[in-house]
Structures are given as C-alpha cells and as structure tokens.
Amino acid sequence: MATISATGGVLDVSSIVSQLMAVEQQPLAKFQQKTMSYQASLSAYGSLSGAIGVFQSSLGALTKASDFNALSASPSNADVMTASASSKAVAGNYKVNVTQLAQAQTLTTPGITSNKSAIGLGGKTTLSFQFGSASGGFGLAGTKLTGAVPANGISNGSLSINGTAIATDSTTTSGRALAEAINAKSTTTGVTANATAAETDAALFGGFGQVSTDGGGTYALKVGGVEIGAQAAGIAAGAGITAESIDTALTVPSTVLTALNDAGISVSGTAAGGDLKFTRTDGSNIEVEEVVTAGVSGGIHKDSATVNPGFSVMATGGISLSSTDASPITIAGSNPAAAGLTAGTGGTYLGGAFSQDANVASGTVTIDSTNNSLEGIRDAVNKAGLGVTATIVSDGSSTPYHLVFTSNATGANSSMKISLSGTDTDPPDAALADLLSYDPSGTQKMTQTSAAQDTKLTVNGIAVTSKSNNVGEAIQGVNLTVTQTGSSTLAVSRNTTQVKTNVEAFVKAYNDLSGTLKKLTGYNPDTKSAGALQGDATAQSVQSQMRRMLTSSITGISGAFSNLSDVGIGFTKDGTLALDSTKFQKAIDTNYADIGTLFGAVGKTTDNQVSFTSSSAATKPGTYDLEITQMATQGALTSGAAVPPSTTIAANTTWSVTLNDTTPSNSKNMAMVTIPAGTYTPAELAKVVQSSINGTTAFSSAGNSVTASIDADGKLAVSSAKYGSTSNIALASGTGTTTDSLFGGSTAVAGLDVTGTIGGHPVTGSGQTMTGKAGTDVEGLKIDITGGAAGPRGTVSFSQGYAYQMNNLATTMLGKTGQIASRTDGLNASIKSVQKQSDAFTDKLSGIEARYRKQYSALDVMLSNMQTTSNYLTQQLSALSANR
C-alpha cells in the first residue's frame, strides 16, 4: 500500500488518507481469518493422518494369519547353532548333534616361478568347469614293502602322518602290520590305512622244472608255511613233483587248498600255464620256499637238469592311506620310504568317480595368448562368473606362485571337474592341461587342499546332511545355522507372548487414534473451545467407518472366532477398545490357530496342488469353486530319436540357444552356449546340456533356466523351467557337434498359460498363476496351480480379518485419492483462493489510496489558493481604508 505524505498545504492530506485507508483495509482481516481457519483444519488433518499412520503401523504384525502361527526356536548351545522357526514348525524339543560342517572345495596348482609369464604356447584352450560329487577314497597309494622290511621290520621313527609319529618296530614286517600301526593313530592323524594284497610274481612258476632227487637229496615246496608238495630221495624227474603235480595238488578237493585257505592264501593260475599266483588280501607276507638237501635238480626257475640249491622269496603288500575328511596327507619321518611312502603333502582320489549335478550350472572360459599367465587365468575365471573364485597364493619358495580355485558353494555336490579342450581337432595347450586338468575319476594335476563336504548332523538320532551350514527342513519349519561341531538341544515353542504383545499394541493404537479423533472433532467444556474438525464430515466418516468395521463379524472362513469379542476385545462406554487378558489367554490355549484368521487375510484351497498366493483390497471374502480348462505347460524341445548309449561332444562345441523369447524377438533372450567336450552316457549328456545352458550368464542373470532329461522313449528332452505362453526354447548349431545330430527331426513346442474360472468369474492366466479380473468378486485373488489335470479342482476360500481390513481402509484413507487427501487438497485450494482474493483486494487498495491522495491534494491546493486570495483581499481592503 502506498505511503501517505504531507503536502505542506492547509490540509494534512497524509493523515486524512491514512485514516480513510484504515477503513478501506478492514476486509483484509476477514481474509486472514479465513486462511487461519483453513490452516487450522489442515493442521488437524495432518494430526489425523499421523494418527491413522501410527495405527496402520501397529497392524503390520497382524495382517498375515501365518504370523500368528510363528514359533520361536531356542538352542541350548548358541555356540553350536542358531535357529528360527516358521509357522510350519511343530512345537517340541529336539536333540541335535553336529559332527561335520559344510565346506567348499579348493584346488591348487603346483608352484611356478612367475605369475605373469606366459604358460604354454598360447593355443586357444577352453577350460570347462563342471560341478558334482566325487566318490572314491581320497588319499595316498604306497608301494610294496621291500628291502629288509619283511625280515627286520620298520624301525621306530621312520614314519609320521600329519605330524603324528607311527609306532613301528621289528614286528612291522608286512603291509598288514603297518596298516594296524597306522590305524592305531587314526583318531589323531585323521587317516586310515588299508593293507594292499601281498601277491607272488605271476612269472614265479614259469618254466617250473621237473624235480629230480636221483642225486640223493630231498625236496619240499612250501607256500606261506603250507607244504604244497614233497619228494623223497631217489625219484627221477617226471615221477615226482612237476608243474602238473602242483596243479593237481591245488585242484579241488584238496587238503593243500584247504590249508592255504585257512592261512588266508588264495590261488590263481596254474603252474603248468606259468601264471600260478598266491595272494593274501589282508596284506600279510607270503613266503614261497623250496627246502632241499643236496642232490636236487629242477623246481622254480630250474630245469630238470639244473641243480637246485634251494630258494625262497617273500611276497609283500603295502598300504594305501585314506583321509577321513579328504584333506591332504602329510608324510614325514626318518625313513618313510621303508613304509612305501614318500615324504611330502598330497593326495588324490584313488579309484574315484565324478557325477555331475545337473542342477548346478557349469561354465567355460577361454584361455589363449592374451591371458595364458596365472594372473590372466585368474582374471578370466573371475570375470566369467562360473561359481569359482580364482586367487594366486605365494608360498615364498623358489616356485612360489600357485593358482587356487575355490568353489563358491559349499557341499559335497560342489566338487569341481576341470577339463580342457582345444579348437576343432587341435588339442588343448599341453602346458595348461598339465597344470589345470582335474578329474576325480582321471587326471588330477591340481591338488585338493580342501574337500567339498556337507554338513552332517543328527536330529533325535536321525542322520541329516545339508550342502550348506544353513540347514532347512531337517526339522519341519525350522532353519538351523550351524557354526561348529557339538551337541545342543532345541526348544521349539509357540510365540504366544509376541502375539499377545501385537494384539495389545493394536488395541492401544486404536485407542490413541480414537483419542485424536475425539480431540479434533469434540468440544472441550473446560476451555470452552471446539476441535478443529468439529462437525467435519470427513473426520466423522473416518471414525464411523473404523468403528463399524471393528463391530462387524468376519465372513468367508469358518473357525472358532468370528468377531473381536470372541477373543476378549470389546468397546467400552467411552468408545475405546479394551482387552480382556483372561479371555484372550483362553482363546490362545484352546484355538490358537484360529486367532490368526480373525485378524489376517486367509486363503485356503481344498486341492493340495492349488495354493493361495495373495489377494487385493478388492477381493471379496467367500468360498469359490475352481474350474481349470487348461493346465499350464512348458516350452520344450525333444530329440527326434532315442539318444545312443554313448554320445561324443566334439571340442569347441557351441550352440545358439533361444530361451523364453518374446514377440517381437529380443536378442537378450539368445546366447551362445559351450557344451564341454567329452563322451557321455544319455544321463550324463542330459546333465551336461542342462548345466551348460543354465550356466550361461545371459540366462541365469535373467532368471531363466532349463531342465534336461531322458524320457521314457530314451529321447533327450530340454524344457524351459518357466510355464506359460512366454515359455519356449530353440537350439541352433554353432561350432563342433551340431544340434541336428542330437535333436534332428524334432519340433519345438511353446508353453501354454493356465485357463479356467474362479467361482465362475473370469480370470487372467499367466503361467501357472490365475488372477481374478477387475470388477468381479475375485478381483486380485491369485492362486497357483502347480499340478493335477483340467477339470473341477475343489474350492478357494478367502476371508479378510480385522487387521487386514483396517490396513486396507487406512491405506485407502491415506492414499492420493482417499478421503483425507481429497479433503486436504480442498483446504489447500481454499487457502490459495483466499490468498488470491486478498492479493486482488490489496491491489485494489493501491488504486483507492492513489485516488484519495489525488482528490485531497487538489482540495488542499484549492484551499491554499483561496487562502492566498483571501489574504490579498484583506490587505487591499486594509489599504483602502487607510487612504480615506
């Protein structure tokens, strides 16, 4: 508003204008009063929104019926494990004994001098990583005991295993005795020993000469102390012991055979055939002895004309060592060679086998002249994301650098098989193959420093294994996380305390909300002031909707309770809620599971292959018949003919795979997949194909995968793991073995969505999921149909408990289009409108002031002029009067 200033005339124009404008400005105060009123209402709605939000947050733990069925799990020994329980758990006490923790496999290369120098010639080589289980003992194979051992034994101090000295002495003369000495220390070494069989040389009886005692001597042949034959003096060659007579003595029935068997010695081959052998499988030594007196010819390695001065030979066995946990074994001592062992640390799978796990993705990485160093291989493997972490470890020796591969997953099924292949007919780089090849059933160039193993435990005496230290479902609904070996008890019990706490919080939150509403909409006789929302229709509507909802009964699912009063919750005279603890505890004790139905949203089906997934605020409670007209299917490709018993995948085989493609086609759904070279049985081929496709980053990162199997007709079937109209798969040849050679004559089949009705209402089918369409009673109701056949599939029931309904109501009220938002939007609009009117009026006042100032300034001038004229006339009249 303009400032009024004095003109210096006869009038105080500024004062006059100021007084006039004070009158003109009086409507501005009314605008301010309106604005303050609207802002007070706005502030009140802010308080109301906050109170509803607090109330809604109290419903979080009550809206899911399953939350009421949660149980607590308390171990007696937290050092051994921690545990949690879901609603599927069964209350009870369990005894848990953990005997082994899961761990990942680690493989390491031999040390080399540089981690940066090129390895090999740089020929393109594909490293294929497959994951599965390794079987067969892991340990060391010793050699037969030789030298003076059979006679003098192994001196004490000669051998230690994993730092533990093995007690040996002059009686340790056989593989059996050595194994017994080692096994006496198994508890501390973690190693068991098996004696290998003692067996005579297969050529020992080759060329056995007819025995002649014409020279006056005598002859006896003994094996392991058992006399095989004897010849008195004076018997010519051919008339006594011959190769044939020895065989006869060893032919059933035979007292000699019986004696040998009693001595633990078995017989194979024949003397006449020159391959007679004697064997003791327990590793005890076998002495073959010819006892002669002078004047004997013929016998072992002697023809009938050659003098036999007597002969003896000792057949010995050895040992093989097995690590109980498949860890490397360290051999030391003053003379481990005497025990048939070599000093050092190592171990391999002895007679092992590898079985690929089709559910674990495999992968490949290419090594060539650009990355054929330890660092290059490390980086290539890590970049490929194969489920393996590569590192380089330096041990400080003259060949310090070791490349170390560690599986990212624990469990016995995460053992690695590393194979190498070249390009087309070219072999892999020999140096790389010599460094990195690892197959538990074959070449093991890398050393296993940590074996893949499962967690092992017992639950109430029942053996349980798990691939990780998180053990689920060993006890139904209970997840165990084991951290060390040992024993603990586990108490699983209903968490009724938490349920009661949640319900009490619900009652308190409602009462707080009710108090806020009462304050905002009521009248305070003490202060004689009304609430900011007194008489406000929206606030009254909020109050009445909530109260009506809490006093209505729950419909849709039968149970022990249908309203809040059934569990001891009711309204008092002042309109607040109160919890009768005694009645609530009785409800917990008698019908605990039904309390959840009273508060949360519950969906149930009568078909165990149909499951309730979720609902929306628009889903109406009720029981609906389910009709399936078409089951969901998967996209699949099946070979045209049965797979042969053996299939060879050529080196550098790649296929173009299109999985779950869309219309129009998207290149993101396509990828080149490398199939590891090798010769496979049908079952192995299915595993390799499945794991290779699933190991492709483009598919795994998008959550797409396949299953591959051999069907009843022996055909290879590859199916998308996804169901529905977007499930499909297509294969095309790249390099190496063609897809036609395996799938020739086949046609890919696309998947189908499930179709049907819920309660006769139309639904939208997507894969195996049916969703009720908008505008129907089942709007937003989702169910999954995971098995069975088309036709009537029972019923789907749905109910909305109090907390679920209140939560939906609160969400609606607080939403952008809800009652409160609409009301506050209106108030904000009113404030803006008043402000606009005030601004317009203020602009108008400026014009009024200018007009007043102009008018009174003119008046002032006119009065000033009149005053001047008056003064002049007065002077003139005074002069005339003086001249008379």
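Fair warning: this is a prediction, and the values are worked out from it, not measured in the lab.
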Counting only heavy atoms not in Lys417 (residues, nucleotides, ligands), do more than 12 fall under 6.0 Å from its NZ?
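More than 12 heavy atoms, drawn from other residues, nucleotides or ligands, come within 6.0 Å of this atom.
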How far does [atom1] of [X] sit from [atom2] of [Y], to the nearest 0.5 angstrom?
X      : Y      : atom1 : atom2 : result
Gln690 : Thr707 : CD    : OG1   : 6.0 Å
Leu386 : Thr389 : CG    : OG1   : 10.0 Å
Ile319 : Glu180 : CD1   : CD    : 12.0 Å
Ile710 : Glu684 : CD1   : CD    : 11.0 Å
Ser398 : Ile112 : OG    : CD1   : 12.5 Å
Thr189 : Ile161 : OG1   : CD1   : 6.0 Å

If you measure only the distance, is there a donor-acceptor pair under 3.5 Å linking the side chains of [X] and [Y]?
X      : Y      : answer
Thr648 : Thr679 : yes
Asp439 : Ser419 : no
Asn285 : Thr316 : no
Asn162 : Thr164 : no
Asp282 : Ser284 : yes
Thr455 : Asn469 : yes
Thr192 : Asn183 : no
Ser355 : Lys687 : yes

Within the distance-only criterion (no hydrogens, no angle test), does the side chain of [X] pair as donor or acceptor with the backbone N or O of [Y] below 3.5 angstrom?
X      : Y      : answer
Ser76  : Thr489 : yes
Thr82  : Ala78  : no
Ser86  : Gly477 : yes
Thr168 : Ile154 : yes
Asn413 : Asp454 : no
Asn115 : Ser373 : no
Asn382 : Ala390 : yes
Arg176 : Gly317 : no
Ser323 : Pro328 : no
Gln105 : Ala452 : no

Are the side chains of [Y] and [X] in contact, using a 4.5 Å heavy-atom criterion?
X      : Y      : answer
Leu140 : Thr342 : no
Ser72  : Ser493 : yes
Leu159 : Leu341 : yes
Ser692 : Thr674 : no
Lys445 : Thr109 : no
Leu145 : Thr172 : no
Phe205 : Thr200 : no
Leu204 : Leu276 : no

Heavy-atom closest pair, residues [X] and [Y]:
X      : Y      : value
Glu287 : Ser312 : OE2-CB, 3.9 Å
Pro336 : Ile331 : CB-CG2, 3.8 Å
Ser488 : Val80  : CB-CB, 4.4 Å
Met446 : Leu435 : CG-O, 3.5 Å
Tyr349 : Gln448 : OH-OE1, 3.1 Å
Thr697 : Ala384 : OG1-O, 4.0 Å

For Ile228 and Leu260, what are the C-alpha separation, side-chain angles and deciding distance, and is it a side chain to side chain contact (heavy atoms under 4.5 Å, CB included)?
CA-CA 9 Å; Ile228 304 301; Leu260 288 172; 4.0 Å; yes
Set of residues satisfying side chain to side chain donor-acceptor pair (under 3.5 Å) with respect to Ser327, sequence neighbours excluded
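Partners of Ser327 under the side chain to side chain donor-acceptor pair (under 3.5 Å) test: Asp325.
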Got a salt bridge between Glu289 and Lys222, using NZ or NE/NH1/NH2 to carboxylate O under 4.0 Å?
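A salt bridge is absent here (no side-chain N lies under 4.0 Å from a carboxylate O).
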Considering only residues two or more places apart or on different chains, which pairs with a residue in residues 139-163 satisfy salt bridge (charged side-chain N to carboxylate O under 4.0 Å, His left out)?
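Checked against salt bridge (charged side-chain N to carboxylate O under 4.0 Å, His left out) - neighbours excluded - no pair reaches residues 139-163.
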Stepwise side chain to side chain contact (heavy atoms under 4.5 Å, CB included) test for Val267 and Leu257
CA-CA 8 Å; Val267 179; Leu257 270 180; 3.9 Å; yes
Run the numbers on Met81 and Val471 for side chain to side chain contact (heavy atoms under 4.5 Å, CB included), then give the verdict.
CA-CA 10 Å; Met81 64 184 183; Val471 185; over 6 Å; no
Give the C-alpha distance, both sets of side-chain angles, the deciding distance and a yes or no for side chain to side chain contact (heavy atoms under 4.5 Å, CB included) between Thr99 and Thr485.
CA-CA 5 Å; Thr99 56; Thr485 58; 5.6 Å; no
N/O donor to acceptor pairs below 3.5 angstrom from side-chain atoms of residues 121-139, sequence neighbours left out:
residue, atom, partner, partner atom, Å
Thr125, OG1, Gly123, O, 3.1
Thr125, OG1, Asp429, N, 2.9
Gln130, NE2, Gln356, OE1, 2.8

